[in-house]
Q: 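Quick one: the structure is below, and I'll ask about it shortly.
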Amino acid sequence: MNLRTSLRELPENKLFQKGDVFVLFGELFDRGYANGLVEQARAAGLEIIGFTVGRRTESGELRPLTDEELATAEARLGGRIINVPLMAGFDQDAPAGGLKPQEIIGQLTLENWKDAKFDWDYLAECRKIGVDRFRSSAKEAFAKLADMVPEDKNIYFAHIMAGGVPKTKVFLALANRIYKGTGPRFLSSNDFIASDLGKLVLQNFEEVTANTFDCLIEGTAAIRERAEKNGKQVRYSAYGYHGTEILINDVYEWQTYSNYTQGYAKIKLEQIAEENWEKGIKATVYNCPEIRTNSSDIFVGVELPLFSLLLAMKKEGGGEWVDKAWNVCRGLLREDVSLEMLLEKTQTLNASEVFLKNRDFAAWPTPNAPDLAETVIGVSREITQLHQSNHALITDNLSALVVNAAGMLIFKDMSEPEGPVVWLNHDIVAKQLIESAPKVSL
Ligand SMILES: NC(=O)c1ccc[n+]([C@@H]2O[C@H](COP(=O)([O-])OP(=O)(O)OC[C@H]3O[C@@H](n4cnc5c(N)ncnc54)[C@H](O)[C@@H]3O)[C@@H](O)[C@H]2O)c1
């Protein structure tokens with residue numbers, strides 16, 4: 001049984017017009033998925049309004065952007081930014097005089113983290129303080145937004161927040177072992193999430209990656225109702241990840257990166273969309289392909305499925321633009337390496353036993369495993385070395401193309417989304433790329 005709703009046909013924008021409003025819930029940084037969506041909103045003539053995560057002072061207090069930072073952020077966005085710090089999560093929130101969860105984690109060592117037991121009543125207090133802080137800042141920001149949004153325009157809200165990694169030495173060392181460790185440096189993701197530390201980190205992920213979507217939908221109810229009363233429509237999109245169908249031996253097959261520890265929070269994000277959809281609110285999570293961004297670079301090997309996109313482009317029609325894209329990729333490889341050889345390597349890998357046993361949709365997010373880590377990390381490193389420079393990788397190019405295509409697909413599809421959770425697989429990304437033929441350059 002296919003449990004997934006996937007976008008199979010290129011959508012059309014039947015709703016958004018010049019003068020409508022696009023609201024980005026999260027701060028725009030280079031490279032990330034949101035850039036593709038903002039580009040589409042800009043091209044369609046929507047007014048763009050954004051938010052900021054704020055910055056921290058030396059003593060760790062959250063503060064708004066300075067005038068200079070605000071000007072830079074607004075120039076990058078191409079719109080106005082509501083300058084109220086919206087940093088989600090509770091890793092740096094605590095009752096007055098008490099230790100912050102980040103400080104509690106900071107006291108652990110690589111020797112004792114596994115058996116460390118936390119005071120969950122105290123951490124629940126910290127969580128409540130963090131959630132209340134975020135919700136009250138969001139309320140203030142939404143009140144400003146209500147004054148900025150015209151009453152007679154359609155509104156597109158785009159949620160992009162994902163994260164919640166506590167910045168402590170011990171956690172970063174453990175993350176390195178879960179996502180980059182092999183042999184004696186391998187750490188089981190199941191062991192990690194079974195520990196109190198793992199449970200705390202998952203709670204923080206849930207606050208940042210999932211519950212902020214709920215906060216957005218709930219906190220903008222008045223703006224939504226006002227627009228709807230005026231005959232206008234409101235949409236909410238969010239970026240999910242729940243594996244992707246890629247071309248393996250000429251058939252589109254679902255596969256996933258493992259262990260995607262944020263996966264539990266992404267499942268909650270999907271549930272939030274489903275609950276709101278049932279209430280008649282058009283909220284859709286788009287599960288997007290694996291790409292390389294500032295946030296995903298920690299997951300070594302997450303980029304490997306991207307190579308199959310080159311094959312999908314041929315299967316979905318090929319043509320002059322696809323040949324050009326292939327040639328651009330070819331040009332990044334060492335002279336003694338052919339693109340065909342590299343693709344054969346990734347296809348063999350995708351069809352290998354170690355990958356096949358990881359392909360359990362019902363068990364997602366599947367744990368990491370020593371043999372999987374060894375293979376994924378080994379091949380990822382090996383492929384990087386086949387390039388002329390590790391600062392210009394084929395997967396950088398392909399990531400940029402996917403960001404562009406996903407932006408077009410999501411923006412257009414949001415005028416009439418099929419459901420609360422929609423997968424964008426390599427077939428539709430390839431079709432979109434062939435149709436729009438974005439600029440590809442070395
Ligand atoms: N990179 C991938 O392979 C991939 C695949 C599928 C889906 N996605 C999703 O796409 C979205 C954008 O991610 P991206 O990979 O493009 O990277 P990104 O780094 O550009 O985006 C991450 C966003 O999360 C925000 N954020 C991080 N911590 C936050 C916090 N504590 N409070 C508030 N905001 C916070 C950042 O400001 C940024 O806007 C995310 O939801 C991500 O999960 C990424």
Side-chain angles (χ1 to χ4, degrees), residues 2-18 20 22 32-46 154 156-160 233 235-248 250-255 273 277 282-291 305-326 328 397-440:
N2 189 353
L3 301 164
R4 299 180 292 276
T5 303
S6 297
L7 189 64
R8 299 292 182 200
E9 300 300 330
L10 291 178
E12 270 178 62
N13 171 24
K14 296 179 192 145
L15 177 63
F16 297 107
Q17 302 171 358
K18 191 169 167 28
D20 284 339
F22 177 86
Y33 259 121
N35 289 281
L37 201 48
V38 172
E39 222 171 274
Q40 291 310 305
R42 198 180 291 138
L46 273 68
N154 298 309
Y156 184 134
F157 287 101
H159 174 278
I160 60 165
Q233 300 193 44
R235 301 285 189 266
Y236 296 87
S237 73
Y239 290 97
Y241 176 68
H242 200 145
T244 313
E245 287 175 22
I246 67 166
L247 205 54
I248 302 172
D250 210 32
V251 176
Y252 287 107
E253 303 256 19
W254 180 88
Q255 55 75 55
W277 189 272
K282 291 263 186 298
T284 300
V285 169
Y286 287 91
N287 286 329
C288 291
E290 305 79 3
I291 57 166
L306 264 175
F307 292 101
S308 294
L309 182 62
L310 287 164
L311 300 170
M313 288 174 185
K314 292 246 171 170
K315 188 178 174 71
E316 299 305 325
E320 205 180 310
W321 181 85
V322 172
D323 290 343
K324 192 170 171 206
W326 271 62
V328 169
N397 261 332
L398 295 176
S399 296
L401 290 177
V402 175
V403 164
N404 182 284
M408 288 192 191
L409 292 167
I410 296 174
F411 184 75
K412 292 186 287 182
D413 195 51
M414 272 315 279
S415 56
E416 227 173 278
E418 265 177 83
V421 184
V422 175
W423 267 259
L424 301 183
N425 300 304
H426 276 193
D427 58 342
I428 196 73
V429 169
K431 279 184 191 154
Q432 180 62 66
L433 288 170
I434 292 169
E435 194 209 56
S436 53
K439 210 169 150 266
V440 272

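Side-chain atoms are counted along with the backbone in the values below, which use heavy atoms only and exclude waters and symmetry mates.
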Q: Are the side chains of Pro305 and Gln255 in contact, using a 4.5 Å heavy-atom criterion?
A: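 Sidechains of Pro305 and Gln255: in contact.
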Q: Between Thr5 and Val421, is there a side-chain heavy-atom distance shorter than 4.5 Å?
A: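 Sidechains of Thr5 and Val421: no contact.
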Q: Scan the side chains in residues 431-438 for donor-acceptor partners under 3.5 Å anywhere in the protein, sequence neighbours excluded, and list what turns up.
A:
unit_1: Lys431; atom_1: NZ; unit_2: Arg8; atom_2: O; d: 3.0
unit_1: Gln432; atom_1: OE1; unit_2: Lys412; atom_2: NZ; d: 3.0
unit_1: Ser436; atom_1: OG; unit_2: Gln432; atom_2: O; d: 2.8

Q: Can you give me the closest heavy-atom contact between Pro420 and Ala273, atom names plus distance?
A: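 Taking Pro420 first and Ala273 second, the nearest heavy atoms are O-CB, 3.5 Å.
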Q: Nearest 0.5 Å, what's the CD1-CD distance between Ile246 and Glu290?
A: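 Output value for this atom pair is 7.0 Å.
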Q: Angle class for the Tyr236/Phe157 ring planes (parallel below 30°, perpendicular above 60°, tilted otherwise)?
A: parallel
Q: So how far is it from Leu309 CG to His426 NE2, rounded to the nearest 0.5 Å?
A: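 Going from CG on Leu309 over to NE2 on His426, the span is 5.0 Å.
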Q: Measuring from Asp427:CG to Glu9:CD, what's the distance to the nearest 0.5 Å?
A: 9.5 Å
Q: Looking at every non-hydrogen atom in both residues, tell me the closest pair between Trp277 and Ala283 and how far apart they are.
A: CE3-O, 3.4 Å
Q: Name all residues meeting the side chain to side chain contact (heavy atoms under 4.5 Å, CB included) criterion together with Glu253; count only those two or more places apart in sequence or in a different chain, and write none if there are none.
A: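 Side chain to side chain contact (heavy atoms under 4.5 Å, CB included) list for Glu253, sorted by chain: Ile248, Val251.
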Q: Taking only residues two or more places apart in sequence or in another chain, which ones pass side chain to side chain contact (heavy atoms under 4.5 Å, CB included) with Lys315?
A: Leu247, Asp250, Tyr252
Q: Does Pro417 offer a backbone N or O that forms a donor-acceptor pair with the side chain of Thr284 under 3.5 Å?
A: no
Q: With under 30° as parallel and over 60° as perpendicular, where do the rings of Tyr156 and Phe411 fit, or are they tilted in between?
A: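 Rings of Tyr156 and Phe411: parallel, under 30°.
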Q: Nearest 0.5 Å, please: how far is OG in Ser415 from CG in Asn154?
A: 10.0 Å
Q: Have a look at Cys288 and tell me which of Val429, Val402, Ile410 forms a side-chain contact (heavy atoms from CB on, under 4.5 Å) with it.
A: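 Single side-chain contact (heavy atoms from CB on, under 4.5 Å) partner of Cys288 among Val429, Val402, Ile410: Ile410.
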Q: If we ignore hydrogens and angles and just use 3.5 Å, is the side chain of Trp423 paired with the main-chain N or O of Gly243 as donor and acceptor?
A: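 Here the side-chain-to-backbone pair exists.
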Q: With sequence neighbours left out, write down each residue that passes side chain to side chain contact (heavy atoms under 4.5 Å, CB included) with Ser399, or none if nothing qualifies.
A: Ile291, Arg292, Leu306
Q: Any non-hydrogen side-chain atom of Glu245 less than 4.5 Å from a side-chain atom of Arg4?
A: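 When only atoms from C-beta onward are counted, Arg4 and Glu245 do touch, with a gap below 4.5 Å.
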Q: Determine the minimum heavy-atom distance between Leu37 and Ala158, stating which atoms define it.
A: CD2-CB, 3.8 Å
Q: Going by the side-chain hydrogen bond (donor to acceptor under 3.5 Å, both in side chains) test, which pairs reach into residues 34-46, not counting sequence neighbours?
A: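 Checked against side-chain hydrogen bond (donor to acceptor under 3.5 Å, both in side chains) - neighbours excluded - the pairs reaching residues 34-46 are Glu39-Asn404.
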Q: Please verify the inter-ring angle class for Tyr239 with Tyr33; under 30° counts as parallel, over 60° as perpendicular, anything in between as tilted.
A: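 Aromatic pair Tyr239/Tyr33 classed parallel.
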Q: Output, in order, the C-alpha distance, side-chain angles, deciding distance and verdict of side-chain contact (heavy atoms from CB on, under 4.5 Å) for Val422 and Val285.
A: CA-CA 6 Å; Val422 175; Val285 169; over 6 Å; no
Q: For residues His242 and Asn287, report the shortest heavy-atom separation together with the two atoms involved.
A: CB-ND2, 3.5 Å
Q: Does NZ or CZ of Lys439 come closer than 6.0 Å to the centre of the six-membered ring of Trp321, within 45° of the ring's axis?
A: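 Here Lys439 fails the 6.0 Å and 45° test against Trp321.
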Q: With a 4.5 Å cut-off on side-chain heavy atoms, are Leu409 and Leu10 touching?
A: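 They are in contact (side-chain heavy atoms under 4.5 Å apart), so the answer is yes.
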Q: For the pair Glu416 and Lys282, find out whether any cationic side-chain nitrogen is under 4.0 Å from an anionic carboxylate oxygen.
A: no
Q: With sequence neighbours excluded, what pairs up with Lys18 under the side chain to side chain contact (heavy atoms under 4.5 Å, CB included) test?
A: none
Q: If only side-chain N and O atoms count, and only distance matters, is there a donor-acceptor pair under 3.5 Å linking Thr244 with Asn425?
A: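 Distance-only check fails for Asn425 and Thr244.
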Q: Taking atom CZ of Arg235 and atom CG of Asp413, what is their separation to the nearest 0.5 Å?
A: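 CG of Asp413 is found 10.0 Å from CZ of Arg235.
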